[in-house]
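Residues: numbered from 1 along the sequence shown.
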Amino acid sequence: MTADRLDPAGRLPRAFHVPGSSSFADFLHAHDPGLLPGNRPLPPGMVPEAPHGTTIVAAEFAGGVVMAGDRRATMGSMIANREIEKVFGADEYSCVGIAGSAGLAVELVRLFQVELEHYEKIEGTLLSLEGKANRLGTMLRGNLGLAMQGLVVVPLFAGYDVDDGVGRIYSYDATGGCYAERHHHSVGSGSLFARGSLKKLWRPGLTPDAAVRVVIEALYDAADDDTATGGPDLTRRIYPVVMTATAEGTHRLTDAETAAIAESVVAGRMENPGG
């Protein structure tokens, strides 16, 4: 906390001691709105060059959900970063993936993580999975001004519904609209190709291991046709980020686990490039 936010006695302002909303984003909006990502307007007519994240995929399996993201960020026709991470744990039972303006998207995810933690501390209980999805939509709506100037953020949210014992997936549009998806979904520049792959490969009752292979296959297919999506890079040993959410909580696959599956997918495509 910087000195200009302390009172003359060096204590926190009264606002920090007054009971209020369980939403941390609402607290910032009321007391320091400049800290919110969407409240930093750009000069008129100016859209800065910034790295963009690309393809995120998610799929349900028996007892949970899996999400995976490629590692490439682009800036125009250039590769801005080969190792960016686009899939994050939101809380104990959910994860979020980002596509769009990478810097804003990562900041939004961090704020969302604090939002969920703040709610749990204030209310003493977890927010429902649907409630988490709606909170993310509300926060995304706050970025509409920047989205209209070209800095669009489009996340994909998924998690384990502890009330119903199943995995669920939610997609969004730039205005903050939140939509429940059935079985699988993808966002980002390679999503058209990833969705086609998911439709062919997904089936009810997948095991967690089979579902992980499905989403990595979908990312491979996206990278095959979309230049902004990066496939498994065996030379640099850069593989997709993969997370699962089940009754045991969220789990990020280790590099070794992801590498074994990715290398198996690539080996299979050597014999049958079309999948």
Side-chain angles (χ1 to χ4, degrees), residues 1 5 12-40 56 58 60 64-67 85-100 103-147 153-181 185 187 243-252:
M1 182 63 63
R5 293 195 178 97
L12 290 172
R14 183 174 179 273
F16 287 81
H17 303 281
V18 177
S21 169
S22 59
S23 170
F24 184 73
D26 288 349
F27 175 80
L28 284 182
H29 182 75
H31 299 288
D32 204 340
L35 293 177
L36 293 170
N39 288 342
R40 298 167 191 169
I56 307 294
E60 299 170 4
V65 66
V66 59
M67 180 178 291
E85 297 194 4
K86 310 173 195 174
V87 177
F88 307 88
D91 71 352
E92 185 179 359
Y93 293 104
S94 62
C95 50
V96 58
I98 56 170
L104 282 174
V106 171
E107 189 174 9
L108 184 71
V109 166
R110 289 174 177 164
L111 182 58
F112 183 51
Q113 292 169 331
V114 175
E115 174 86 352
L116 298 184
E117 184 178 356
H118 182 75
Y119 179 92
E120 185 177 349
K121 288 180 177 179
I122 296 297
E123 300 294 336
T125 185
L126 287 173
L127 190 61
S128 69
L129 188 66
E130 184 178 5
K132 297 172 192 176
N134 289 332
R135 283 287 179 98
L136 181 56
T138 300
M139 294 172 62
L140 189 61
R141 197 170 300 120
N143 190 58
L144 183 58
L146 291 182
V153 175
V154 182
L156 186 63
F157 178 69
Y160 177 77
D161 191 327
V162 296
D163 296 322
D164 296 334
V166 296
R168 301 193 189 281
I169 302 168
Y170 296 87
S171 67
Y172 300 85
D173 60 34
T175 67
C178 177
Y179 313 99
E181 301 292 343
H185 196 66
V187 298
M243 292 193 72
T244 61
T246 65
E248 284 72 43
T250 56
H251 167 68
R252 173 173 169 161

Item to complete: Name all residues meeting the salt bridge (charged side-chain N to carboxylate O under 4.0 Å, His left out) criterion together with Arg110; count only those two or more places apart in sequence or in a different chain, and write none if there are none.
Response: none
Discussion item. Once rounded to the nearest 0.5 Å, what's the spacing between atom CG of Leu140 and atom CG of Leu104?
Written reply: 10.5 Å
Worksheet item: Would you say Ile56 and Val87 make side-chain contact, with heavy atoms under 4.5 Å?
Response: yes
Fill in: Exercise: identify the closest heavy-atom pair between Glu60 and Glu181
OE2-O, 3.9 Å
Practice prompt. Check whether any side-chain heavy atom of Asn134 lies under 4.5 Å from a side-chain heavy atom of Glu130, and answer yes or no.
Written response: yes
Discussion item. Contact between Leu129 and Val162 at the side-chain level, heavy atoms closer than 4.5 Å - yes or no?
Written reply: no
Item to complete: Considering non-hydrogen atoms only, spot the tightest contact between Leu127 and Lys132 and give its length.
Response: O-CE, 3.0 Å
Worksheet item: Of all residues at least two apart in sequence or in a different chain, which pass the ring pair (Phe, Tyr, Trp, His ring centres under 6.0 Å) check with Phe112?
Response: Phe157
Discussion item. Using every non-hydrogen atom in the two residues, find where Arg141 and Gly176 come nearest and quote the distance to one decimal.
Written reply: NH2-O, 3.4 Å
Discussion item. I'd like to check Arg252 versus Glu85 (side-chain heavy atoms, cut-off strictly below 4.5 Å). Are they in contact?
Written reply: yes
Worksheet entry | Contact check, side chains of Val187 and Tyr172, non-hydrogen atoms, under 4.5 Å | no
Worksheet, complete the sentence: Contacts of Glu248 meeting side-chain hydrogen bond (donor to acceptor under 3.5 Å, both in side chains) (sequence neighbours excluded), chain-then-number -> Thr246
Worksheet, complete the sentence: Here the pair of heavy atoms bringing Tyr119 nearest to Leu126 is CE2-C, 4.1 Å
Practice prompt. Measure the spacing between CD of Glu123 and NE2 of His118 and express it to the nearest 0.5 Å.
Written response: 9.0 Å
Worksheet item: Are any side-chain N or O atoms of Asp173 and backbone N or O atoms of Thr175, one a donor and one an acceptor, separated by less than 3.5 Å?
Response: yes
Worksheet entry | Interatomic distance, Ser171 atom OG to His185 atom NE2 [nearest 0.5 angstrom] | 4.0 Å
Practice prompt. Could you pull out the closest heavy-atom pair between Met139 and Leu108, with the gap in Å?
Written response: CE-O, 3.9 Å
Fill in: Minimum-distance pair of heavy atoms, taken over all atoms of Ser94 and Asp91
OG-OD1, 2.6 Å
